[in-house]
Amino acid sequence: MNTEYLAKFYKKTYTEKIDALVKAELLTELQADNLKNEGVDLGQDIGEHMIENYIENYSLPLGVAMNFLIDNQETVVPMAIEEPSVIAAASFAAKIIGSAGGFTTVVSERMMIGQVTLKDVADPSTAIKKIKNSRQEILDRANEAHPSIVKRGGGAKDLSVRLLESDTSENIPSFLVVHLHIDTQEAMGANIVNTMMEGIAPYIEELTGGTALLRILSNYATECIATATCTIPSYKLKTTNFSGEEVRDRIVEAAQVAWVDPYRAVTHNKGIMNGVDAVVVASGNDWRAIEAGIHAYAARSGQYRALSKWHTNEKGDLVGTLTLPLPIGTVGGSISIHPAAKLSRTLLQEPDAKRLESILVSVGLAQNFAAIRALVTDGIQKGHMGLHARSLAISAGAKGAQVEKIAEALKKAPHMNLQTAKDYLSKL
Ligand SMILES: CC(C)(COP(=O)([O-])OP(=O)([O-])OC[C@H]1O[C@@H](n2cnc3c(N)ncnc32)[C@H](O)[C@@H]1OP(=O)([O-])[O-])[C@@H](O)C(=O)NCCC(=O)NCCSC(=O)C[C@@](C)(O)CC(=O)[O-]
Ligand SMILES: NC(=O)C1=CN([C@@H]2O[C@H](COP(=O)(O)OP(=O)(O)OC[C@H]3O[C@@H](n4cnc5c(N)ncnc54)[C@H](OP(=O)(O)O)[C@@H]3O)[C@@H](O)[C@H]2O)C=CC1
C-alpha cells in the first residue's frame, strides 16, 4: 500500500477518492470503474438467493477510515454504517494513535465452543465420568461428522462438561452441558460446529441416559479473544481548552466511571461497537453473533462493565486497552457472496481471520478514544452535529448541491434541527 495518495482523503471528490485508492494500490482499475459506474450493490439476483421472501436490498453507506497503523502495518479500514461522524472519529483517533506507534494486538487461539445440553440426566456425576472417559471417542465422532475441517488442520480438539444446578426458586431442573472446543480455522464456524453437535448428540444420550435438548454453538466465544493496546504521550492530547495532562486524566476518569456504572458502561460500549459493528458488517460477518458475545463478555464479572480500560503509565502517557471476543470468519456465510464484502476484503489486503480480529479490536479502541476524548473536552455535539448537519438537510428534502449549502448554514444556526433545515430549504 502506498499511503502518500491518501492524505486529506475526506477533502477529495468522490472520483478523486476512488482514484486515490487505485494509486494507493488498494483497488484495481477494474474495481474502480465498477464502483464509479454501477457500484457493488448486492443485486436482486443474489439477494433473492440469500434470504426468504426477498423484496429489496437495504443499503448502508460503505466508507473507509484512514490512518490506522496496526502491528506496524498501515491499514485502510472499510466501514459500513449509517451514522455520521463515526468514520471521521475513527480516522481522527487513528491519526493520533498512529503518530505514537499505532495499535499493538494479541490474538488468542481461535477456538469455538459447541454445546450439547442434556435434560433428565438421572445420575449426573456418573454421566460426567462416562463423558470424560469417552473423550476421544466423542472427539472422533465430532470430527467424522465434519471431516473437511479436519483436513484443513482444524476440528474438535477438546471437551469439557458443566453441570447447571437446579434452581428450585424458579422451578428450573438441572441440566448437563457438554462443550466441544473446536478449531474452525478461517470460518466463524456456526454450521461446522452445529453439524458436529448434532453428530455427537445421540452417542452422548446413550452414554448419559439423558435427552439432548439443544445442539448448537455458543456465541459466547471466550476462547476467541483479541486485545489491542495503544500508548499516547499526553502532549498529543492537548486541546484549545485543556492541557494534554488534563485530557489524559479526564479520559482515565471517564473510563473509571464506565467501569463502575452500568448506565454509563452501555453508552461507552456503544461507542466501541460503532467501530466494531461497522467493520463486521463491511466484512460480511454475522454482527448479531458478535454483538451478543461482546455484551455477555462485558458482563462476565456479574456486572455489565466498560470493555476498555484507560490508565496512565509511569512515563505519564495515556494507555488504552480493549479486549473482545471476536469469532469472525474470512470464509463462509455470505462473506464470499456479498460483492461489498469482497471489496472490503480487497481494501483490507486479504486478511486472515486473526488479522481481521486485530483490525476489529483496534478500530473499537480508536472509536472509544475519539468518543471519550470528545466527551471530556468539547462535548460530543460539536463534532457529531457538524457532520450530522448533512443528514438533517437530506431529511428536510434538500437535493444535490442544496445539501452542502443547508448543512453549512445549519452549522452556524443557533438551533440545528429539522425545522431550521426546512426553513433554510424553503428560503433557498
Ligand atoms: C468528528 C471529529 C473527528 C472532528 O474533530 P476535529 O478536531 O474537528 O477534526 P480535524 O478537522 O482537526 O481533523 C482531524 C482528523 O480527523 C479526521 N477527520 C476530520 N473530519 C473528517 C471528515 N469530515 N471525514 C473524515 N475524516 C475526518 C481526519 O483524519 C483529520 O485528519 P487530517 O486528515 O485532516 O490530517 C471529532 O470531533 C470526534 O472525534 N468526535 C467524536 C465523534 C464520535 O465519537 N462520533 C460517534 C457518534 S456519537 C456515539 O454514538 C457514541 C458515544 C459518544 O455516545 C459513545 C460514548 O458516549 O462513549
Ligand atoms: N448462533 C449462530 O451464530 C448461528 C449462525 N449461523 C450462520 O452460520 C454462518 C457461518 O457458519 P460457518 O460454518 O462459518 O460457514 P459455512 O457453513 O459457510 O462453512 C464454512 C465453509 O467455508 C469453507 N472453507 C474454505 N476455506 C476454509 C478455511 N480455510 N477454514 C475453514 N473453512 C473453510 C468450508 O469448506 P469445507 O466444508 O470444505 O471445509 C466450509 O464449508 C453464518 O451465516 C451465520 O450467520 C447459523 C446458525 C447459528
Side-chain angles (χ1 to χ4, degrees), residues 6-12 17 50-51 63-68 79 81 83-96 98-99 110 112 114-115 146-155 182-197 216-221 239-240 251 254-255 257-258 264-275 278 284-293 306 308 327-338 352-353 366-388 390:
L6 302 176
K8 298 286 169 200
F9 188 80
Y10 63 102
K11 302 243 157 107
K12 297 180 193 293
K17 285 189 177 98
M50 278 175 88
I51 60 158
V64 280
M66 293 294 162
N67 313 322
F68 275 86
M79 300 176 78
I81 188 153
E83 189 174 356
S85 87
V86 169
I87 293 179
S91 305
F92 176 68
K95 188 178 166 190
I96 295 183
S99 73
R110 288 172 41 81
M112 305 304 154
Q115 298 188 297
H146 211 298
S148 56
I149 196 66
V150 181
K151 282 200 201 116
R152 293 183 191 282
I182 303 166
D183 176 354
T184 57
Q185 297 274 296
E186 285 296 302
M188 173 260 201
N191 289 319
I192 296 168
V193 173
N194 297 346
T195 305
M196 288 187 173
M197 294 304 107
I216 187 88
L217 104 154
S218 167
N219 287 113
Y220 192 28
T239 67
T240 332
I251 288 177
V257 175
R264 174 57 205 153
V266 173
T267 322
H268 180 99
N269 292 346
K270 186 274 182 188
I272 292 170
M273 297 314 288
N274 275 341
N285 271 282
D286 180 339
W287 69 91
R288 290 83 56 202
I290 297 297
E291 277 278 344
S308 65
I328 44 78
T330 59
V331 294
S334 66
I335 293 166
S336 17
I337 304 169
H338 201 301
D352 63 12
Q367 213 73 61
N368 181 231
F369 169 73
I372 49 179
R373 180 196 159 277
L375 286 170
V376 300
T377 55
D378 295 335
I380 200 72
Q381 293 304 72
K382 186 169 168 249
H384 181 64
M385 288 309 277
L387 294 167
H388 182 57
R390 280 180 283 184

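Just follow the structure's listing: the first ligand is 1, and inside any ligand the first atom is 1. Throughout, numbering of the chain's residues begins at 1 and tracks the sequence.
A donor-acceptor pair is defined here as one N or O able to donate and one able to accept, closer than 3.5 Å; such a pair exists between the side chain of Asn194 and the backbone of Leu217. With Gln367 contributing its side chain and Val86 its backbone, the two residues share a donor-acceptor pair below 3.5 Å.
Remark: among candidates Leu217, Val150, Val331, the nearest residue to atom 22 (O) of ligand 2 is Val331, based on non-hydrogen atoms. When the heavy-atom distances from atom 9 (C) of ligand 2 to Asn191, Asn219, Asp183 are ranked, the shortest goes to Asn191.
Under a 4.0 angstrom heavy-atom cut-off, Glu83 registers as being in contact with ligand 1. Judged by the shortest distance from any of its heavy atoms, Gly189 lies inside the 4.0 Å radius around the atoms of ligand 2. Look at Arg373 and you'll find every heavy atom at least 4.0 Å from all atoms of ligand 1. Residue contacts with ligand 1: Leu375 is included, with a non-hydrogen atom under 4.0 Å away.
Distance screen at 4.0 Å: atom 40 (C) of ligand 2 has no protein heavy-atom neighbour inside the cut-off.
Of the protein's non-hydrogen atoms, the one nearest atom 5 (C) of ligand 2 is Ala190 CB, 3.3 Å. The protein atom (non-hydrogen) at minimum distance from atom 37 (O) of ligand 2 is Ser148 OG, 3.1 Å. If you check which protein heavy atom lies closest to atom 42 (C) of ligand 2, you get Gly333 CA, 4.1 Å. Nearest protein heavy-atom neighbour of atom 7 (O) of ligand 1: Phe92 CE1, 4.0 Å. The nearest heavy-atom contact from the protein to atom 10 (C) of ligand 2 is Met188 SD, 3.8 Å.
The shortest N/O to N/O separation between Ala289 and ligand 2 does not fall below 3.5 Å. For ligand 2, the polar-atom distance check against Ser334 finds no nitrogen or oxygen pair separated by under 3.5 Å. Checking only distances, Asn368 never comes within under 3.5 Å of ligand 1, N or O to N or O. The shortest N/O to N/O separation between Arg390 and ligand 1 does not fall below 3.5 Å. Between Lys95 and ligand 1, an N or O atom pair is found at a separation short of 3.5 Å. Checking only distances, His268 never comes within under 3.5 Å of ligand 1, N or O to N or O.
In the model, Thr330 has a side-chain atom that pairs as donor or acceptor with a side-chain atom of Glu186 under 3.5 Å. In this model, no donor atom of one side chain and acceptor atom of the other lie less than 3.5 Å apart for His388 and Ser85. Between the side chains of Ser91 and Asn67, no donor N or O sits under 3.5 Å from an acceptor N or O.
Short contacts between ligand 1 and Asn67, defined as distances under 4.0 Å to a heavy atom of the residue, involve ligand atoms 29 (O).
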